[in-house]
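This chain uses plain numbering: 1 for the first residue, then up along the sequence. Just follow the structure's listing: the first ligand is 1, and inside any ligand the first atom is 1.
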Amino acid sequence: MSPAAKTRIAILISGRGSNMASVMAAAQAPDYPAEIALVLSNRPEAGGLAHAAAAGIETRAVDHKRFRDRASFDAALQAELDAAGIELVVLAGFMRIFSAPFVEAWTGRMINIHPSLLPLFRGVHTHEQALRAGVRLHGCTVHFVVPELDAGPIIAQAAVPVLPGDDPDSLAARILVQEHRIYPAALALVASGHARLDGDRVVFADDVRVPEGSLHSL
Ligand code: GAR
């Protein structure tokens with residue numbers, strides 16, 4: 001019997017790509033439901049590009065500074081995604097905001113990881129925002145992307161304690177461990193069809209088991 005076809009994904013990065021690397025590691029498993037067909041960055045110098053290329057993954061740099069506006073940059077991205085036959089877009093520290101038509105073209109087929117427990121602390125400097133607000137739990141969220149920034153339906157979350165003496169770096173490091181755990185798992189749910197967008201909600205297959213009584217949803 002031939003194995004089920006894997007979902008062709010593109011991972012979009014702007015920096016070091018540690019979340020990309022966690023997906024690369026997970027995708028080594030023969031039964032992982034996604035294959036990384038492309039890694040793309042808006043910054044040619046992004047460290048993650050070299051890491052992906054060294055592993056034999058197709059990479060592209062589409063430098064946003066070479067485009068006169070957001071729409072033309074998004075059109076260039078779309079052309080790369082089309083050429084590679086991409087079915088699902090995975091944002092992993094991709095720090096550009098898309099135009100609404102681009103996002104709408106990928107409705108239900110584009111996911112993001114954000115370093116806070118959404119809907120708290122959208123945008124940037126989330127760890128500073130959390131420390132300023134004095135929350136005692138902070139974390140990360142995987143969500144479908146919608147035109148409004150960091151507002152899409154939530155697929156998975158993980159929480160960590162905010163400890164006395166934490167600074168933005170110590171909090172970021174504690175949360176990154178959880179990002180690397182939940183992103184490959186949430187991506188697998190979407191790629192396999194076990195989690196899908198239905199209007200403004202995420203619908204899960206009956207056999208998806210959420211660990212009760214824990215601080216994470218996967
Ligand atoms: C991660 O913490 C990710 O959650 C965050 O950027 C970092 C990228 O690190 N993303 C955002 O802030 C998106 N708005 P990485 O390049 O090592 O994966």
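- Between Leu77 and Leu12 there is a side-chain heavy-atom pair separated by less than 4.5 Å.
- Sorted by chain then number, the residues whose non-hydrogen atoms approach ligand 1 to under 4.0 Å are Arg16, Gly17, Ser18, Asn19, Gly93, Met95, Ile113, His114, Pro115, Leu176, Glu179.
- Side-chain contact annotation: Ser217 with Gln157, donor-acceptor N/O pair under 3.5 Å absent.
- What you find for Thr7 and Leu88 is that their closest heavy atoms are CG2-CB, 3.9 Å.
- Within the structure, every pair that satisfies the side-chain hydrogen bond (donor to acceptor under 3.5 Å, both in side chains) test and touches residues 53-62, not counting sequence neighbours, is listed here: Glu58-Arg60, Arg60-Glu80.
- Annotation: salt bridge (Lys or Arg N to Asp or Glu O under 4.0 Å) contacts involving residues 81-91, sequence neighbours excluded, are absent.
- Evaluation of the salt bridge (Lys or Arg N to Asp or Glu O under 4.0 Å) test over residues 140-154, restricted to residues two or more places apart or in two chains, returns Arg122-Glu148.
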